[in-house]
Amino acid sequence: MTDIPLRLFDTYERRVREFTPLDPAEVRLYACGLTVYDYAHIGNLRTYIFEDVLRRVLEYNGYRVLHVQNVTDVGHLVSDADTGEDKMEKGSRRTGKSAWEIAEFYFQAFQADLARLNVLPPHIWPRATDHIAEQIDLIRCIEAKGYTYLARDGVYFDTSRLPDYGYLARLDLEGQQAGARVEVGEKRSPTDFALWKFSAPGEQRQMEWPSPWGAGFPGWHIECSAMAAKYLGPFFDIHCGGEDHIMVHHPNEIAQTQVCYGTRLANFWMHGYFLQVDEAKMSKSAGEFLRLQTLIDRGYDPLAWRFFCLGAHYRAKLNFTWEALEGAATAFNRLRIAAHEWSAAGPGTPDAEFLQRFQADINDDLNMPRVLALAWELARGPLPPADKRATLLEFDRVMGLGLAEWQPSADEVPAEIAALLERRQQARREKRWQDADALRAEVRSAGFEVEDTPQGPVARRAR
RNA sequence: GGCGCCGUCGCCAAGUGGUAAGGCAAGGGUCUGCAAAACCCUCAUUCGGCGGUUCAAAUCCGCCCGGCGCCUCCA
């Protein structure tokens, strides 16, 4: 608990403002989930780490949080064109699995990634395909209010009827129209979007449902409005997602909800900014992308990725380079080793002044880079080790680096390496330094680094 | 064409009016038979460039240069 007010940046108002819960008993948080047609890449994961930090900060402030995150397990069109291919069906053809299997497989993989990053799972994880009825109901509501029109390929939302459409994005509708590059198709205006899409005539989709307008599938914005309203009500505390949602997805969610419920859906709109690789966005459509597993295969602890993400503010782009990741991994290791060594000193007490500064930093729009700097100041400062550890573990309630349970792991050493180490020890006892160094070189060329400790030599797998 | 962001040490990155956080790397040192690991010290009079406002600017304003994102599935 803290007396420092929590201040968060709200994209809707484009400013940092004090957060006060709509209902003091429970903060309601909705996060846009992943479309599970492929693995998550490390850029996707950066956003979920940001949302996890947000949730942990809310909880650190003493709030009980109800966290809902959707699973988009129904395909949406790859492009805006009528003939656009469905991502789920595309994945199905690529792998030979059914669209349903694809969704399940990648949803599991996504959950595993989040778990490896210490991202707390949402309390409710609603799937779009489990809420078709809710989505149809919402579309009917929008239709009843007169904000839809029927086109050959689906039911559309008529954005021209909403005077403040796109306020979140500060859209300039005139400018949009002047420069639209998008195929408008049957849409009356470029910002209109599908609420329900009809299955293409003569094409059997794996995922389709009957509806009052014809067989098909929901548009990709409607699921969030429908499921958020179902689990959190039509007006809740915080809605978050990636920065890419500021322009289209979130304005559309707001438009749908506004028409049906008269609210702007969420009190705070928060957006995590993109990870860039070599100063450019990493995109799935471009083919190659980095997964968490890619980093693990290169010898990195998945939590080193979390540590790396913590080093930049969530509202700033983060540029990925292997050199920077290596730096984060080294720093993270030093910090966790230090924290482990402090544990030998027994239980301690968190330092009040550090705690105060920590709370000021997290409550200042989740300034985790400063928390990291504070952790180093703590680590290298004069406090008793036990108190350092107690303080750092408090920080870790938000950092989520698993410092409390971490133990240095002695790598499994193959028998032949162990034998070399023993021979080296023998040489050292006999002060045959040349032989000892030659043996160490042998161990090293086998991929292990030798460390002589007071308890004897230890071999670690080199990266 | 529209909306918006960014340019801070070799790399990553805080800092939005009061005189440059932090991490990594690098250099030096302690320890060590030598290393490694760990620890300690050092490391941007300067914030893309040029003007302007101000007692004071990396922070505000203007122009220029460079980079990027969204507007289309996207975290």
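Only a predicted model underlies this, so the values are computations on that prediction, with no experimental measurement involved. Each chain gets a letter, A, B and so on, in the order the sequences are listed, and its residues count up from 1.
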Test item: side-chain donor near acceptor, [X] and [Y], under 3.5 Å:
| X | Y | answer |
| --- | --- | --- |
| A:Q425 | A:R428 | yes |
| A:R336 | A:Q407 | no |
| A:T257 | A:S225 | yes |
| A:E208 | A:S199 | yes |

Please state how far atom [atom1] in [X] lies from atom [atom2] in [N], giving the value in whole angstrom units.
| X | N | atom1 | atom2 | answer |
| --- | --- | --- | --- | --- |
| A:Q455 | B:A36 | CD | P | 20 Å |
| A:R315 | B:G4 | CZ | P | 15 Å |
| A:E243 | B:C6 | CD | P | 11 Å |
| A:W269 | B:A75 | CH2 | C1' | 15 Å |
| A:H245 | B:A75 | NE2 | C1' | 6 Å |
| A:F320 | B:G69 | CZ | C1' | 19 Å |
| A:M247 | B:C3 | CE | P | 9 Å |
| A:N319 | B:G10 | CG | P | 16 Å |

Practice task
Determine: side-chain N/O of A:N367 to OP1/OP2 of B:G15, distance under 4.0 Å, yes or no.
Solution key: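 True: A:N367 side-chain N/O within range (under 4.0 Å) of B:G15 OP1/OP2.
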
Problem - ring pair (Phe, Tyr, Trp, His ring centres under 6.0 Å) partners of A:H271, counting only residues at least two apart - result: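 For A:H271, the residues satisfying ring pair (Phe, Tyr, Trp, His ring centres under 6.0 Å) (neighbours in sequence not counted) are A:H250.
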
Under 4.0 angstrom, heavy atoms only, what part of the nucleic acid is [X] near: base, sugar-phosphate, or nothing?
| X | result |
| --- | --- |
| A:F50 | nothing |
| A:L318 | sugar-phosphate |
| A:H249 | nothing |
| A:H271 | nothing |

Detail all sub-3.5 Å separations between protein N/O atoms and N/O atoms belonging to nucleotides 20-25 of chain B.
unit_1, atom_1, unit_2, atom_2, d
B:G23, OP1, A:R380, NH1, 2.4
B:C24, OP1, A:R334, NH1, 2.5
B:A25, OP2, A:R334, NH1, 3.4

Exercise for the section: Please confirm whether A:F217 and A:F198 have ring centers closer than 6.0 angstrom. Expected result: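 No, too far apart.
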
Exercise for the section: For A:T453 and for A:Y48, find the nucleotide of RNA chain B with the closest heavy atom, then tell me which residue's nucleotide is more 5'. Expected result: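 That would be A:T453.
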
Handout entry: Of A:E449 and A:Y273, the one whose closest RNA chain B nucleotide lies more 5'
Key =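 Comparing both residues, the 5'-ward one is A:E449.
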
Problem - Sole candidate of A:D153, A:D158, A:T159 that passes side-chain hydrogen bond (donor to acceptor under 3.5 Å, both in side chains) when paired with A:Y156 - result: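 That would be A:D153.
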
In the structure shown, which nucleotide is the Watson-Crick or G-U wobble counterpart of [N], with both distances under 3.5 Å?
| N | answer |
| --- | --- |
| B:U19 | none |
| B:A44 | none |
| B:A37 | none |
| B:U32 | none |

Practice task
Could you check whether the rings of A:H239 and A:W269 sit parallel, tilted or perpendicular, using 30° and 60° as the cut-offs?
Solution key: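 Geometry flag for A:W269 against A:H239: parallel rings.
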
Practice task
Anything under 30° is parallel, anything over 60° is perpendicular, the rest tilted; go ahead and classify A:F354 against A:F395.
Solution key: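 Answer is tilted, since the angle falls between 30° and 60°.
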
Between [N] and [M], how far is it from one [atom1] atom to the other, in whole Å?
| N | M | atom1 | answer |
| --- | --- | --- | --- |
| B:C6 | B:A25 | P | 30 Å |
| B:A14 | B:C3 | P | 27 Å |
| B:G69 | B:A75 | C1' | 13 Å |
| B:U45 | B:A56 | C1' | 16 Å |
| B:G52 | B:U59 | C1' | 15 Å |
| B:C43 | B:G10 | P | 16 Å |
| B:C11 | B:A26 | C1' | 12 Å |
| B:C9 | B:G49 | P | 11 Å |

Listed nucleotide nearest any side-chain atom of [X], set [options]:
| X | options | value |
| --- | --- | --- |
| A:R444 | B:G69, B:A35, B:A13 | B:A35 |
| A:H41 | B:A75, B:C12, B:C71 | B:A75 |
| A:T47 | B:C71, B:C12, B:A75 | B:A75 |

Problem - Short side-chain to backbone donor-acceptor contact, A:K187 and A:A194, under 3.5 Å - result: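 Not at all, since once roles are kept as given, no pair shorter than 3.5 Å links the two residues.
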
Practice task
Taking the six-membered ring of A:F9 (Phe, Tyr or Trp), confirm whether the NZ or CZ of A:R15 is under 6.0 Å from its centre and within 45° of its axis.
Solution key: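 Judged by the rule, A:R15 and A:F9 form no cation-pi pair.
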
Problem - Beyond-backbone contact of A:W342 with A:L383, side-chain heavy atoms, under 4.5 angstrom - result: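 No. Closest side-chain heavy atoms not under 4.5 Å.
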
All N/O pairs under 3.5 Å across the protein-nucleotides 32-34 of chain B interface:
unit_1, atom_1, unit_2, atom_2, d
B:G33, O6, A:R428, NE, 3.2
B:G33, N1, A:D437, OD1, 2.9
B:G33, N2, A:D437, OD1, 3.3
B:G33, N2, A:D437, OD2, 2.7
B:C34, O2, A:R440, NH2, 2.6
B:C34, N3, A:R440, NH1, 2.9
B:C34, N3, A:R440, NH2, 3.4
B:C34, N4, A:D452, OD2, 3.4

